Amino acid sequence: TTHLVWFRADLRIHDNLALAAACRDKNAAVLGLFIATPQQWQDHAMAPRQAAFLWQNLQALQTALAERGIPLHVREVATFAESVEEIKQFCAKHQVDALFYNYQYELNEHRRDREVERCLEGNVVCQGFDDSVLLPPGSVTTGNGEMYKVFTPFSRAFIRRLQEGLPECAHAPKAREGGALTPVSPLKPFDYPQCAVDETLFPAGEQAALARLRHFCQQKVARYPDERDFPDRDGTSRLSAWLALGVLSPRQCLHRLVTEQPGALEGGPGAVWLNELIWRDFYRHLLTAWPTLSRHKPFIGWTDKVRWQQNDDHFQAWCEGKTGYPIVDAAMRQMNETGWMHNRLRMITASFLVKDLLIDWRRGERYFMTQLVDGDYAANNGGWQWAASTGTDAAPYFRIFNPTTQGEKFDAQGEFIRRWLPELRHIPDKAVHQPWTWAEKRGARLDYPRPIVDHKAARAATLAAYEAARKTH
Ligand code: FAD
């Protein structure tokens with residue numbers, strides 16, 4: 001028999017549920033397949049940096065599989081629709097008996113998989129797995145069997161489930177009978193723009209991710225609650241890029257966490273980080289319960305009536321980090337230059353776009369995807385809807401971040417700001433959050449934009465716009 005593993009966002013050999021299942025039968029021939037879909041990636045606004053990281057990780061996966069005697073075939077078509085046809089042909093050509101894959105929860109991906117199953121029905125047995133989550137969507141519900149709309153009770157129920165037993169990690173497959181494959185043909189580059197990631201920040205491959213995970217859980221996780229909000233410190237795991245492509249699994253994170261910090265499930269050291277992993281699951285579970293979230297719809301219907309500003313100059317200034325609000329600008333430049341942005345700053349910059357510039361959150365959501373090496377539809381959409389107060393577990397719309405005081409609070413000495421905005425290097429600590437106020441007092445000139453909006457006035461306008469939308473509902 002021949003088993004096919006269709007890799008998508010699960011580019012690893014350890015704890016890969018579909019791969020482990022495909023390899024269980026020792027006598028089966030196991031093949032791997034990855035299908036690049038550049039046009040679809042374009043539609044989904046995949047960042048060229050993520051495309052480059054994907055390619056590097058795919059190469060590492062191909063090598064790791066070859067060592068175990070499993071060839072990884074790579075194909076390229078334009079869209080998901082074409083990938084259905086590609087799978088069909090591949091199965092026929094290689095006489096595949098069973099197809100193994102890990103679920104993706106976004107709507108287009110889900111529909112593609114249903115279509116594949118439909119096309120193969122009767123010829124190839126298809127098996128899907130809930131692999132990119134700690135617990136399967138639909139398995140953590142209220143007493144009425146419904147998905148939670150608020151995070152805290154979801155998280156409590158989630159932890160109770162984990163306390164009953166942890167989801168197990170699957171072993172990496174052993175080498176197949178024929179032994180390692182040599183040589184491995186080098187991968188062709190995808191027909192998609194690629195932009196190299198800094199390999200010191202994001203080295204490719206499972207081993208690099210696992211080493212980082214171990215180090216974080218041993219050395220850093222206990223201090224995470226105190227450190228995680230300060231963008232200038234290396235206080236968070238920075239594992240999101242590997243998690244987004246499935247080079248690392250959330251179960252691996254959980255197991256390493258409880259091995260190093262045995263009290264994490266009972267609220268001891270590590271509990272706060274565990275909560276972030278649960279947020280990740282929460283947004284995936286939400287996508288499954290409310291497919292409209294994949295269709296650019298807000299969760300709270302009336303927020304679609306907000307009259308957003310179509311101000312392209314403001315949008316451009318935000319994208320380029322030229323708003324005149326230093327913490328916002330430094331954050332945007334961090335993302336534009338590295339493909340990653342600190343979580344506190346994602347909240348500040350998203351809030352600024354929506355609540356200070358009154359620009360539709362979906363424009364920001366898409367721009368983030370074009371830049372992030374860790375772009376992940378569920379987390380990004382969830383984060384944006386949270387910031388825009390349009391989502392399930394949203395900040396109420398009248399809670400609006402003040403970008404200046406946020407900067408003062410989380411980058412008090414301006415270290416982060418000065419790192420990313422060299423034009424403000426000479427400004428003293430206290431003044432760096434409002435450089436123009438400082439410059440004007442001295443009659444100094446600055447090579448830095450003046451604030452493009454006045455926060456107080458912008459705040460009032462936003463409140464009025466949200467209130468008007470709510471009333472029309
Ligand atoms: P850590 O703090 O070490 O957390 C560990 C892991 O938990 C992360 O790697 C991530 O997988 C998960 N996680 C942490 N916080 C969240 C969260 N709020 N929601 C969901 N998962 C979380 N995360 C992405 O992975 N991809 C995105 O495209 C993305 N877009 C975002 C957009 C906005 C507007 C906001 C507010 C948040 C977004 N996040 C996104 C969530 C979060 O900012 C990042 O996961 C985090 O900054 C990654 O850094 P880390 O790996 O050091 O996180």
Side-chain angles (χ1 to χ4, degrees), residues 8-12 15-17 50 102-106 109-110 129-141 147-159 161-162 166-167 169 202 209-210 212-213 216-217 221 224-225 228 235-258 261 264-265 270-290 293-294 299 340-344 346-347 350 365 368-369 372-387 391-394:
R8 295 97 64 89
D10 52 349
L11 306 182
R12 65 184 186 283
D15 189 37
N16 184 321
L17 300 187
Q50 189 171 56
N102 293 313
Y103 295 128
Q104 290 183 291
Y105 304 108
E106 302 88 343
E109 282 76 351
H110 179 68
F129 299 84
D130 284 298
D131 170 83
S132 77
V133 283
L134 290 170
L135 297 173
S139 71
V140 183
T141 53
M147 173 57 189
Y148 289 92
K149 293 180 185 166
V150 177
F151 177 72
T152 308
F154 174 82
S155 169
R156 252 186 252 126
F158 201 100
I159 289 175
R161 286 281 309 275
L162 295 181
L166 297 185
C169 281
F202 300 107
L210 289 169
R212 186 158 184 99
L213 171 66
F216 180 78
C217 289
V221 80
Y224 178 77
R228 67 175 180 145
T236 70
S237 72
R238 264 184 208 261
L239 287 169
S240 49
W242 292 274
L243 279 163
L245 296 181
V247 181
L248 184 70
S249 84
R251 288 176 303 279
Q252 291 174 305
C253 294
L254 178 65
H255 280 270
R256 177 50 58 194
L257 177 67
V258 297
Q261 309 290 343
L265 281 177
V272 176
W273 195 63
L274 171 63
N275 216 45
E276 297 307 312
L277 294 176
I278 300 176
W279 269 109
R280 185 178 170 282
D281 258 49
F282 180 60
Y283 288 135
R284 284 174 146 65
H285 289 216
L286 282 177
L287 274 194
T288 309
W290 284 284
L293 291 175
S294 288
F299 191 79
W340 188 83
M341 191 199 286
H342 189 279
N343 179 59
R344 167 61 48 184
R346 296 188 203 209
M347 296 197 288
E365 179 195 14
F368 264 34
M369 288 306 272
L372 287 172
V373 66
D374 66 13
D376 175 87
Y377 188 85
N380 193 45
N381 181 267
W384 274 94
Q385 295 225 36
W386 182 89
T392 45
D393 202 59

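The model shown is predicted, which means the values in this text are computed figures rather than measured ones.
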| message | The test is salt bridge (Lys or Arg N to Asp or Glu O under 4.0 Å); show your working for Asp376 and Arg280 and say whether it passes. | response | CA-CA 10 Å; Asp376 175 87; Arg280 185 178 170 282; 5.2 Å; no
| Heavy-atom pair of closest approach, residues Gly235 and Phe216 | O-CE1, 3.8 Å
| message | Can you confirm whether the side chains of Arg284 and Ser132 place a donor and an acceptor under 3.5 Å from each other? | response | yes
| message | Evaluate Phe154 against His285 for ring-ring contact (aromatic ring centres under 6.0 Å, His included), listing each step before the verdict. | response | CA-CA 10 Å; Phe154 174 82; His285 289 216; 5.3 Å; yes
| said: For Trp279 and Tyr283, take the angle between the two ring planes, folded into 0 to 90°, and tell me which bin it lands in: parallel under 30, tilted 30 to 60, perpendicular over 60. | reply: tilted
| Any donor-acceptor pair under 3.5 Å linking the side chain of His255 with the backbone of Leu166? | no
| task | Give me the ring orientation class for Trp273 and Tyr224: parallel if the planes are under 30° apart, tilted from 30 to 60°, perpendicular past 60°. | result | perpendicular
| task | Using only heavy-atom distances, determine whether the side chains of Asp130 and Tyr105 contain a donor-acceptor pair under 3.5 Å. | result | yes
| field | No-hydrogen, no-angle side-chain donor-acceptor test under 3.5 Å, Asn275 and Ser155 | value | yes
| query | Between Asp131 and Arg12, is a salt bridge (Lys or Arg N to Asp or Glu O under 4.0 Å) present by the stated rule, with each step listed? | reply | CA-CA 11 Å; Asp131 170 83; Arg12 65 184 186 283; 2.8 Å; yes
| query | What's the shortest heavy-atom distance between Gln50 and Asp374, and which atoms? | reply | NE2-C, 3.8 Å
| request: Examine Arg212 relative to Trp242 and say whether NZ or CZ is less than 6.0 Å from the centre of the six-membered ring and inside a 45° cone about the ring axis. | output: no
